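Protein chains get the first letters and strands the later ones, always in sequence-line order, with residue 1 at the start of each. Not measured: the values here are computed from a predicted model.
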Number of protein chains: 2
Amino acid sequence: MHIERAISASHSLTRVKTKSSIVAKPPSQDTPLNEHLAYLLAQANREINRQLEMRLAKEGVPVEQWRILKVLSDGNGRSMGELAEAVLLNHPTLTKIVDRMVSDALVYRVQDPKDRRKVLMFCSERGKILCQRLNSLAMSQEAHIVENYGNKSTNELKRLLESLIDSAN
Amino acid sequence: MHIERAISASHSLTRVKTKSSIVAKPPSQDTPLNEHLAYLLAQANREINRQLEMRLAKEGVPVEQWRILKVLSDGNGRSMGELAEAVLLNHPTLTKIVDRMVSDALVYRVQDPKDRRKVLMFCSERGKILCQRLNSLAMSQEAHIVENYGNKSTNELKRLLESLIDSAN
DNA sequence: TGCCAATTGTTGAACTTTCAATATTTTCGC
DNA sequence: GCGAAAATATTGAAAGTTCAACAATTGGCA
């Protein structure tokens, strides 16, 4: 494995040198951390998520709860499994967050009559109303990003992220 | 705040309609979750991070520890504050991860002689050797992404992420 | 039909992260 | 130079997440 990597690295290096040694850089063993895709994603995610978190704090709601409300706000029920997938949480974590939201009367559980292993989650009226306020806050954050970063870049970045996610599955 | 947003939203809507109603979509109050930049970043980060985690698991090392080793592997010491910034962790979390790494003899602490409030972190020889093996694993993951996603997209995405991060500061 | 494996969701224990408070050292105004 | 305020790192308690085990239900096949 190490050997194949070394070979492909020097291949790229050679090819690149014949063109330009500035534009595309060869994959090197000691690529700085901040040139790794995984790191850049983590950094960008951390920053944008922190901004969103601060906005949503006006309503005292964590980002995960906003995601849950948003998914359920179309009125259709979702099983815990579907919901976990949609909001990027694993099952036990979702269960516990949902417990809190049920206590706050934002969502409720219904046993699925078609398959009694499943629990269908629904958004309460109260949850829907809160969700609208949260949507405003989230939209205003995204507008703020677009202001500084530009509409074109934002759309291009979204497009690239979508296709990265596709290609990773 | 809500009002201003509503106004700027309808502005965009109007402007967009005169051009094309397909390419650029107006910011709508119920934009689906998976069209939000914050969500796409979280999703992409989750997926890529999970892949990297699986690779590094061959050496039994969490992603955060790889980052720490990578930053320190140039032999220069860093204060806990600098290190926390560089590896995207807050101070108490870093302190505790570093505690574990000191137990494993991967890094060590030295009191900064210039400013005795500070602690300088260094990478041990053992840490450097491990870091090289981890670098190979990380490079092979990135190569795998490039295979599926393409060199052009990868570089373009990195560029956009860097400039997003810049614009957010 | 009856049984075994797979699916779904929850629970409790272990582990990790975060928050607030603390200790130490430095900086700066007076 | 002294003392208050700021900077730096750590600690312990609280909160959150994850892992493994469990309970309930369904599906399939002998």
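Atoms CE (A:M101) and P (C:dT10) sit 14 Å apart, rounded to a whole Å.
The stretch residues 45-52 of chain A does not touch DNA chain D, since none of its heavy atoms comes less than 4.0 Å from the strand. Within a heavy-atom distance below 4.0 Å of DNA chain D, the residues of residues 73-84 of chain B found are B:S79, B:M80, B:G81.
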Without placing hydrogens or testing angles, list every side-chain donor-acceptor pair under 3.5 Å for residues 117-126 of chain A, not counting sequence neighbours.
residue: A:R117; atom: NE; partner: A:D115; partner atom: OD1; Å: 3.1
residue: A:R117; atom: NH2; partner: A:D115; partner atom: OD2; Å: 2.8
residue: A:S124; atom: OG; partner: A:A105; partner atom: O; Å: 2.7
residue: A:S124; atom: OG; partner: A:L106; partner atom: O; Å: 3.0
residue: A:S124; atom: OG; partner: A:R126; partner atom: N; Å: 3.4
residue: A:S124; atom: OG; partner: A:G127; partner atom: N; Å: 2.9
residue: A:R126; atom: NH1; partner: A:D104; partner atom: O; Å: 2.2

Could you tabulate the donor-acceptor pairs under 3.5 Å formed by side-chain atoms of residues 46-54 of chain A, not counting sequence neighbours?
residue: A:R46; atom: NH1; partner: B:L88; partner atom: O; Å: 2.8

Atom pairs under 3.5 Å, N or O on each side, protein against nucleotides 24-29 of chain D: can you list them with distances?
residue: D:dT26; atom: OP1; partner: A:R116; partner atom: N; Å: 3.0

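A salt bridge is absent between A:E162 and A:R159: the closest approach of a Lys/Arg side-chain nitrogen to an acidic carboxylate oxygen does not fall below 4.0 angstrom.
Taking CD from A:Q141 and CG from A:L56, the interatomic distance works out to 8.0 Å, rounded to the nearest 0.5 Å.
Contacts of A:P62 classified as side chain to side chain contact (heavy atoms under 4.5 Å, CB included), with partners at least two apart in sequence or in another chain: A:E64, A:Q65. With sequence neighbours excluded, the residues that form a side chain to side chain contact (heavy atoms under 4.5 Å, CB included) with A:R116 are A:Q111. B:E147 meets the salt bridge (charged side-chain N to carboxylate O under 4.0 Å, His left out) test with no other residue; sequence neighbours excluded.
In this model, the phosphate group of D:dA9 is not approached by any side-chain N or O of B:R109 to a distance below 4.0 Å at OP1 or OP2.
A:T154 and A:N151 share no side-chain donor-acceptor pair at under 3.5 Å.
Among pairs with a residue in residues 135-169 of chain B, none fulfils ring pair (Phe, Tyr, Trp, His ring centres under 6.0 Å), at least two apart in sequence or across chains. Applying the ring pair (Phe, Tyr, Trp, His ring centres under 6.0 Å) rule to pairs touching residues 63-84 of chain A yields A:W66-B:H36, sequence neighbours excluded. Screening residues 86-99 of chain A for salt bridge (charged side-chain N to carboxylate O under 4.0 Å, His left out) gives A:D99-A:R109 as the qualifying pairs, with residues at least two apart or on separate chains.
For the residue pair A:A42 and B:R67, the shortest heavy atom distance occurs at CB-NH2, 3.6 Å. For the pair A:A44 and B:L164, the tightest heavy-atom approach, listed with the atom from each and the gap, is CB-CD2, 4.2 Å.
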Heavy atoms under 4.0 Å is the rule here; annotate nucleotides 11-19 of chain D 5' to 3' with B where the base is hit, S where only the sugar-phosphate is, and - elsewhere. BBB--SSBB
